[in-house]
> 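Starting off with a structure, shown below.
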Amino acid sequence: MTSVSRVIVLAGLTGAGKTALAVELAKRYPCTVINADSRQVYADFPIITAQPSLEERAVCPHELYGFLACREKITAGVFMRLCQERVDNALEQGRLPLIVGGTGLYLRSLLEGLAPIPDIPEQVRNDLREKLKEQGLASLRMVLEKVDPEYAAAIHPNDPQRTLRALEVHTATGKSLTWWHARPVVKPRYTALKLGIRMELAALEPLLARRIDLMLLAGALEEAETAWKSCPDHDAPGWSSIGCVELLGYLRGEYGLERARELWFRNTRAYAKRQLTWFRKDEDMHWIPPGEVEPALSLVRSFWEQGAEG
RNA sequence: GCCGAGGUAGCUCAGUCGGUAGAGCAGGGGACUGAAAAUCCCCGUGUCGGCAGUUCGAUUCUGUCCCUCGGCA
């Protein structure tokens, strides 16, 4: 048995066929599939967030899918810890961790680590959000410029999310984000084979359109309706997924189903475009054509054999 | 057929008291260290419905025609 911690990462645009490829790999190697998608964690939305089906999950163990309630939120830091735990478990069992997902930040956090910033108390975050509402972004921005001028210069003045983040870290820890970012990160603990399904937007479009139709046929609307009954709060973290937002708009009578579908498609496409921007500059990625198993398989085979020797 | 409201960027619309036009969304490119399916940045020439008239100059005023949407018939 080897002590090298080898993992496979399977990335790619939403709807490009990551899950299907993972299943094919899992049929040939003893894998544990581990989710690295920030939306597929929600228990209420298995259809809309395209979680693997029961049949697909039957092929091998699947981890970190559909375990969070709609009101609960997850962060890159928490996710990274959970993910590491599952990866280590799989390795102990002699299984190949197959990390599948499209959330670039989560994949990077897992492989390259994050600054060792403690979790920020809920109270601090809520207070700052309240301040943002009352005083506006410009006023928070002024505070940040005083407290962490370097980070303030690095982000755009119009970016509420990053301004808030920097302020909450400073408020809760007494140190600036810049200070934290200069701390050594936990070193990458894994040797990763990064596979990316290569696909252009034009080729993805028909697949996305079809996937939305299939989701509706599979009961996406009912899924949203049911979720709304148990969690009638559109600000809840679970409701922020693409598809959920648009179906909710329809359910609340803001527009018709046709319009919801159109918005759903456009927003999914826009998201895929952002993923493309993120992934295409990743130099470690081994790009493989969509719909094919063999290219991925041969990469995995040699990766696996190297591990067996090491 | 009559009355009213309109026809401006792929879509929804703003505007020009006459000097050839912007916003949002869509689209393209990019960023990304704990909300990341998030958040944010950069990129806008289009017979301003057609034709004619007034004018140095019309998308803006006038006439006429076409089209759309309401109301009355």
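Order of the sequence lines fixes the chain letters, A, B, ..., with proteins taken first and strands second; residue numbering starts at 1 for each chain. Quick caveat: nothing in here was measured; it's all calculated off a predicted structure.
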> In whole Å, measure the gap between the C1' atoms of B:rG4 and B:rA9 for me.
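About 29 Å, rounded to a whole number of Å.
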
> Under 3.5 Å, is there a donor-acceptor pair between the side chain of A:Gln40 and the main chain of A:Ala50?
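Flag set: sc A:Gln40 to bb A:Ala50 pair under 3.5 Å.
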
> In whole Å, measure the gap between the P atoms of B:rG30 and B:rG70 for me.
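Roughly 45 Å separates the two P atoms.
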
> Across the strands shown, which category fits A:Gln275 at heavy-atom distances under 4.0 angstrom: base, sugar-phosphate, nothing?
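Here A:Gln275 touches no strand at all.
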
> Can you tell me how far CG of A:Asp37 sits from CZ of A:Phe79, rounded to the nearest 0.5 angstrom?
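A:Phe79 CZ to A:Asp37 CG: 7.5 Å, rounded to 0.5 Å.
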
> Could you measure between the two P atoms, the one in B:rC69 and the one in B:rC13, and give it in whole Å?
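Those two atoms are separated by 14 Å.
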
> Identify whether any heavy atom of A:Trp180 sits under 4.0 Å from a base atom; if not, whether one sits that close to sugar-phosphate; answer base, sugar-phosphate or nothing.
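Nothing, no nucleic acid heavy atom in range.
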
> Hey, mind stepping through A:Leu167 and A:Thr163 against side-chain contact (heavy atoms from CB on, under 4.5 Å) and telling me if it holds?
CA-CA 6 Å; A:Leu167 286 178; A:Thr163 303; 4.3 Å; yes

> Does A:Lys281 put a side-chain nitrogen or oxygen below 4.0 Å from OP1 or OP2 of B:rG30?
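A:Lys281 to B:rG30 OP1/OP2: no side-chain N or O under 4.0 Å.
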
> Would you classify A:Phe79 as touching base, sugar-phosphate or nothing, given that sugar-phosphate means primed atoms plus P, OP1 and OP2, and contacts are heavy atoms under 4.0 Å?
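If one applies the 4.0 Å heavy-atom cut-off, A:Phe79 turns out to touch nothing in the nucleic acid.
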
> Could you tell me whether A:Glu85 and A:Arg81 make a salt bridge, using a distance below 4.0 angstrom between a side-chain N and a carboxylate O?
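No, no charged N to carboxylate O under 4.0 Å.
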
> When all nucleic acid strands are considered with a 4.0 Å heavy-atom cut-off, which category describes A:Tyr151: base, sugar-phosphate, or nothing?
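If one applies the 4.0 Å heavy-atom cut-off, A:Tyr151 turns out to touch the sugar-phosphate alone, with no base involved.
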
> Under 4.0 Å, counting only non-hydrogen atoms across every strand here, what does A:Ile120 touch: a base, just sugar-phosphate, or nothing?
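Contact class for A:Ile120: none.
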
> Just how far, in rounded Å, is C1' of B:rG34 from CD of A:Glu72?
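Taking CD of A:Glu72 and C1' of B:rG34, I get 16 Å after rounding.
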
> How would you label the contact of A:Thr49 with the nucleic acid (heavy atoms, under 4.0 Å): base, sugar-phosphate, or nothing?
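Answer is base: heavy atoms of A:Thr49 come under 4.0 Å of a base.
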
> Would you tell me whether A:Arg211 and A:Thr14 have side-chain atoms, one donor and one acceptor, within less than 3.5 Å of each other?
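Yes, A:Thr14 and A:Arg211 have a side-chain donor paired with an acceptor closer than 3.5 Å.
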
> Using atom P in both nucleotides, what's the gap between B:rC11 and B:rG7 to the nearest angstrom?
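These two P atoms come out 14 Å apart once rounded.
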
> For A:Tyr29 and A:Arg301: C-alpha separation, side-chain torsions, deciding distance, then whether side-chain contact (heavy atoms from CB on, under 4.5 Å) applies.
CA-CA 9 Å; A:Tyr29 294 90; A:Arg301 192 178 302 124; 3.4 Å; yes

> Answer with base, sugar-phosphate or nothing: what part of the nucleic acid does A:Arg129 contact at a heavy-atom distance below 4.0 Å?
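Base contact.
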
> Just checking A:Arg280: base, sugar-phosphate only, or nothing, at a heavy-atom cut-off of under 4.0 Å?
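Sugar-phosphate: the residue A:Arg280, judged by heavy atoms under 4.0 Å, touches backbone atoms but no base.
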
> Taking the same atom, P, in B:rU45 and in B:rG53, what whole-Å distance lies between them?
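Their P atoms lie roughly 30 Å apart.
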
> Taking the side chain from A:Lys18 and the backbone from A:Leu13, do they hold a donor-acceptor pair closer than 3.5 Å?
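Here the side-chain-to-backbone pair exists.
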
> Mind checking the C1' distance from B:rG28 to B:rG44? Whole angstroms is fine.
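Each nucleotide's C1' atom is 12 Å from the other's.
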
> Would you say a side-chain N or O of A:Arg165 is under 4.0 Å from OP1 or OP2 of B:rG34?
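It does, given that an N or O in the side chain of A:Arg165 lies less than 4.0 Å from OP1 or OP2 of B:rG34.
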
> Assign A:Leu201 to base, sugar-phosphate, or nothing according to its heavy-atom contacts below 4.0 angstrom with the strands shown.
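Sugar-phosphate, backbone atoms only, no base.
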
> Taking 4.0 Å as the cut-off, does a side-chain nitrogen or oxygen of A:Tyr271 come that near to OP1 or OP2 on B:rA38?
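For A:Tyr271, the contact criterion (side-chain N or O under 4.0 Å from OP1 or OP2 of B:rA38) is not met.
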
> Hey, does the side-chain of A:Arg162 have a donor or acceptor N/O within less than 3.5 Å of a partner on the base of B:rA38?
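A donor-acceptor contact between them is present.
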
> Work out how far the C1' atom of B:rC41 is from that of B:rG49, and round it to whole angstrom.
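Result for the C1' pair: 37 Å, nearest Å.
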
> Looking at the angle O4'-C1'-N9-C4 for a purine or O4'-C1'-N1-C2 for a pyrimidine, is B:rG34 syn or anti, with syn meaning within 90° of 0?
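With its glycosidic angle within 90° of zero, B:rG34 counts as syn.
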
> Report the distance from atom CZ of A:Arg269 to atom C1' of B:rG29, rounded to the nearest whole Å.
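Result: 13 Å.
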
> Near RNA chain B, under 4.0 Å by heavy atom, which residues of residues 211-244 of chain A?
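When residues 211-244 of chain A is checked for heavy atoms under 4.0 Å from RNA chain B, the hits, listed by number, are A:Ser240, A:Ser241, A:Ile242.
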
> For RNA chain B, which consecutive runs of 3 or more Watson-Crick or G-U pairs (each distance under 3.5 Å) count as stems?
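Ordered by first number, the stems with RNA chain B (at least 3 consecutive pairs each) read B:1-7 with B:66-72, B:10-13 with B:22-25, B:27-31 with B:39-43, B:49-53 with B:61-65.
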
> Looking at A:Thr277, does any N or O in its side chain come under 4.0 Å of the phosphate oxygens OP1/OP2 on B:rA31?
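False: A:Thr277 side-chain N/O out of range (4.0 Å or more) of B:rA31 OP1/OP2.
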
> Using the P atom in both, what is the distance from B:rG19 to B:rU33, to the nearest Å?
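47 Å, rounded to whole Å.
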
> OP1 or OP2 of B:rG29 versus the side-chain N and O atoms of A:Lys273: is any pair under 4.0 Å?
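A:Lys273 to B:rG29 OP1/OP2: side-chain N or O found under 4.0 Å.
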
> Quick check on B:rC41: is either OP1 or OP2 less than 4.0 Å from any side-chain nitrogen or oxygen of A:Asn158?
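A:Asn158 to B:rC41 OP1/OP2: side-chain N or O found under 4.0 Å.
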
